[in-house]
Amino acid sequence: MSLISIDKARIDALSVHWIGNRSLGEPIILSPNPQQLADRKVHDKLVYFFLNNFRDRILYCFKDQPGGSRISLYDITGEIFENPLLLHRKSAEIARRLYDVSIHHRIKNGECWAVYFSNIQYQDNLVNAVGIFKTELKEEFLSVKRTDDGFLISLHEGFNIKKIDKGALIFNTHEEEGYEIMVIDNINIGDPAEYWKDKFLQAKPVSNPYLNTTTELKILKAFLEDNIPSEESLDRVERLNNSVNYMKENDQFRLGEFESKVFPEKAMRSSFNEYRNQYKDNFDVDIKDEYDIEQDVIKNPKKFIRSVIKLDRDFHIYIHGDRNKIIRGYDREKGMYYYQIFFSKEA
């Protein structure tokens, strides 16, 4: 479920510029004037296009806050919140910052949009927000127009309003902590990873129960994939199931308890601890050893848990319960692996 509702949202100001790839010698084209949205249908479609894709509940904030040596996006955003009439002028500064980091030869050119929104429902309050978006991928579409002689078929190019490539929605909340930001970063094939989030926005995740719970399960899944061979997939599934069961049964995460539940072996606990600390350093994630568990994450654990063992192309085994009721073995005569499954009755 998204953190925002867009039913009452309104676009109060909108500017669009074109950003080329600087390393390829492509230009930046700045619009001299803001966009006018006299057509209500166009306004409503743009609200949907910009805001409907913000579904990830992980929040970010700006790394650069007051006291920095140069003007940052934090400063620019603050000026817009103080005076929304500055949006168009400040949008040119935003576009130039994006152009400055578009230096990898695989970064695609496209439109840079700056938007001032009002009446976004966020965490039970109506708030204002600054949106920054980039549209890159274009699609071809046909239009059919009726004429006196029949119908005219034309080929056009545009973007799909159901999906946006990159976006940031900066709420006018928690200013002293770098604002609260929602981020979309659909990395296109060949794009350098994270240039939007890290180099342009310079945003970092905000530590909260949702981020902590999600990250913990991501770390565990990555650790199991790196340290338990694929032929021991039954062991992987059991440990993932144990981790989710621990979080379902507890409101508070405690690392020691969690490790004892998932890794009875002392050596595995030590390896997981080292892996977890390295993950935090590599991805600059601030996750504590104790925190509140976000139960909304556990309600749909499919992205973290693989409770299905796929056997060649013939069989799938779905595991939901006691791991002791299934045994893996090897038949030397047939030269093949097998699973034995024990049960009391068929459902």
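Residues forming a ring pair (Phe, Tyr, Trp, His ring centres under 6.0 Å) with F258 (at least two apart in sequence, or on another chain): Y246, F253. For N52, the side-chain hydrogen bond (donor to acceptor under 3.5 Å, both in side chains) partners at least two apart in sequence or on another chain are Y48. The side chain to side chain contact (heavy atoms under 4.5 Å, CB included) test applied to Q252 returns R254, E290, D292, not counting sequence neighbours. Among residues two or more places apart in sequence or in another chain, the side-chain hydrogen bond (donor to acceptor under 3.5 Å, both in side chains) test is passed with S91 by H17. Every side chain to side chain contact (heavy atoms under 4.5 Å, CB included) that E249 has, sequence neighbours left out, goes to N245, K261. Judged as a salt bridge (charged side-chain N to carboxylate O under 4.0 Å, His left out), and not counting sequence neighbours, E274 has no contacts. Under the ring pair (Phe, Tyr, Trp, His ring centres under 6.0 Å) criterion, Y122 pairs with F171, not counting sequence neighbours. Under the rule for a salt bridge (charged side-chain N to carboxylate O under 4.0 Å, His left out), K334 has no partner lying at least two apart in sequence or in another chain. Under the ring pair (Phe, Tyr, Trp, His ring centres under 6.0 Å) criterion, F133 pairs with F50, sequence neighbours left out. Checked against salt bridge (charged side-chain N to carboxylate O under 4.0 Å, His left out), E216 has the following partners two or more places apart in sequence or in another chain: R276.
Using a 30° and 60° split on the angle between ring planes, F49 and F159 fall in the parallel class, below 30°.
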Expected list for residues 9-16: side-chain donor-acceptor pairs under 3.5 angstrom, two or more places apart:
| unit_1 | atom_1 | unit_2 | atom_2 | d |
| --- | --- | --- | --- | --- |
| R10 | NE | D12 | OD1 | 2.8 |
| R10 | NH2 | S118 | OG | 3.1 |
| D12 | OD1 | S118 | OG | 3.4 |
| D12 | OD2 | S118 | OG | 2.9 |
| S15 | OG | H88 | ND1 | 2.7 |

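Counting only residues at least two apart or in different chains, salt bridge (charged side-chain N to carboxylate O under 4.0 Å, His left out) contacts with residues 25-40 comprise R40-D44.
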